[in-house]
Number of protein chains: 2
Amino acid sequence: METQQTRVLVQLRDLILKGHFAPGERLAEIPIAEQLDASRTPVRLALTTLEQEGLVEASSSGGYVMRRFTAQEIDDAIAVRGHLEGMAARLVAEHGVTRQLGNDLDDCLKQGDRIFAGPSMSLDDYAAYIEMNNRFHELIVGAAGNAALTRAIELNNRLPFAAASAMLPMQPSHDEGRNWMWMAHQQHHALADALRRGEGARAQALAEEHTQIARSNVRYALENPELAMKLLPGMRLVAGA
Amino acid sequence: METQQTRVLVQLRDLILKGHFAPGERLAEIPIAEQLDASRTPVRLALTTLEQEGLVEASSSGGYVMRRFTAQEIDDAIAVRGHLEGMAARLVAEHGVTRQLGNDLDDCLKQGDRIFAGPSMSLDDYAAYIEMNNRFHELIVGAAGNAALTRAIELNNRLPFAAASAMLPMQPSHDEGRNWMWMAHQQHHALADALRRGEGARAQALAEEHTQIARSNVRYALENPELAMKLLPGMRLVAGA
DNA sequence: GGTCGCGTGATTGCATACAATATAGCAAAA
DNA sequence: TTTTGCTATATTGTATGCAATCACGCGACC
């Protein structure tokens, strides 16, 4: 059975990332407890956890306040992800690609090829790409076999819009969205090739450069705030959006 | 005034890192609450926080259990620190060293030079080196100006023996301890030089290579478990020590 | 009219009560 | 002797009560 603390934590995190609270807004325990149908205790637990994750911050006078994020912070977090995923890619290249990993990577690549085979993409295609993209990134991080690295990436991915697929919901409404995703997929191909050849430096550089697309997506979102707000409600947490 | 939660959190973390609990041991709330003179509520809060930090893990049947660490995990965590500090060093080199940062780095370097000026080191010298070492590393990370990077390094440093000075208490009892520390200090000099010259790649490589000394210290500790246990009680948490 | 002080209400931090669940111990049977 | 089932105990998860503190609003005074 699911405990109240985990349920409240998941639901509250979801509310936050969907922009249910405005930046700076006080997160009072009682209203949240009522809304999520629990007592204050699990809400308190969840709030301390979310503080660790960096989504809320403790107010000096007690209680918690919704954090405000800047475009710079998002860019920084993506840069950190790129650097860490670069390390993971290098480790995988150095250790060698197992048969299992090779097959799993191939599945991702072929699925992507199929998605881009047609002249246009359906919404299902976009959703499938997001799922595949997450899987591809997780495969490489997991295959690096470094627990601290996996943990560091996971913790960094909790920051808003830092994760690999965080900005992808924008793409269907972007003129060049399909092209950007196609380019990202070609980078996946190149990265898998580098991994298989044991080219550690190339793999690291590709993984790191790969995040430039995410960074340009953030820039695009900030330049089109009304569109971004609609597709990514969490954008409300970003100052200047 | 300090709240109970922060006091309990700090004290409980301290107990854990001093090896007060055996790996796998159940961390029952009531005994901990009595020992720290608080109720179960702040203890629960602290336990969830420590779970986030990776020091304790949730038991499937409820409650928390002391984690067991492996030498591999420590080595991995140090490697992650090296990679992240390497990124910080590169960023600082690329952005340029401000006058303030240059002065602060110089203070560290000169203090280290003074410590190593004499033929032998007192215990105070060792303590001063540890403080200076921490300051040096924090200066560079802070100067990188990337909040997500600072956070990732801090979170990683919460893992046992991952932080820059975590293994240093061993050195006074190590035959070559002074030499290792001297070598580390020369690397600090080289790193500061690379930063000032704007040599990003060199700075990154130096910062990453710098952690090899920490990794060899871990190996030395594991080869001398009885000594390590005495100087670093937290070694009790490491399997095979 | 603006600012300071005060009081009331709301909210947090903490402790504790209670119910559900897991654990441990013991007895009985195979 | 070992295993199984039952019971009693211990521990957790959750809710709630209480005191301290903080925010806010109102009135008085400058």
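All heavy atoms count here, side chains included; hydrogens, waters and symmetry mates do not. Naming: A, B, ... by sequence-line order, numbering from 1 per chain.
Between A:Ser61 and C:dT12 there is no side-chain N or O to OP1 or OP2 distance below 4.0 Å.
Legend: residues meeting ring pair (Phe, Tyr, Trp, His ring centres under 6.0 Å) with B:Tyr64, ordered by chain and number and at least two apart, are absent. Evaluation of the ring pair (Phe, Tyr, Trp, His ring centres under 6.0 Å) rule for A:Tyr220 yields A:His174 as partners, not counting sequence neighbours. Not counting sequence neighbours, the partners of A:Leu231 by the side-chain contact (heavy atoms from CB on, under 4.5 Å) test are A:Met170, A:Ser173, A:Leu227. Contacts of B:Thr150 classified as side-chain contact (heavy atoms from CB on, under 4.5 Å), with partners at least two apart in sequence or in another chain: B:Val141, B:Glu154. The ring pair (Phe, Tyr, Trp, His ring centres under 6.0 Å) check on B:Phe136 picks up B:His188, with sequence neighbours excluded. Under the ring pair (Phe, Tyr, Trp, His ring centres under 6.0 Å) criterion, B:Tyr129 pairs with B:Phe116, not counting sequence neighbours. In this structure A:Arg135 satisfies the salt bridge (charged side-chain N to carboxylate O under 4.0 Å, His left out) test together with A:Glu131, sequence neighbours excluded. A:Asp75 pairs by the salt bridge (charged side-chain N to carboxylate O under 4.0 Å, His left out) definition with A:Arg215, not counting sequence neighbours.
Atom pair B:Glu2:CD and D:dA20:C1' shows a separation of 17 Å (rounding to whole Å applied). Residue A:Gln4 contributes atom CD, which lies 12 Å from atom P of D:dT16 at whole-angstrom precision.
Within a heavy-atom distance below 4.0 Å of DNA chain C, the residues of residues 38-59 of chain A found are A:Arg40, A:Arg44. Scanning residues 27-35 of chain B for heavy-atom distances under 4.0 Å to DNA chain D yields B:Leu27, B:Ala28, B:Glu29. The stretch residues 5-16 of chain B touches DNA chain C through B:Gln5, each having a heavy atom under 4.0 angstrom from the strand.
For the atom pair CD1 (B:Ile78) and CD (B:Glu85), the distance works out to 10.5 Å, reported to the nearest 0.5 Å.
Of the two residues near DNA chain D, A:Asp37 and A:Gly62, the one whose nearest nucleotide lies more 5' is A:Asp37.
Annotation: salt bridge (Lys or Arg N to Asp or Glu O under 4.0 Å) contacts involving residues 15-33 of chain A, sequence neighbours excluded, comprise A:Asp14-A:Lys18, A:Glu29-A:Arg40, A:Glu29-A:Arg44.
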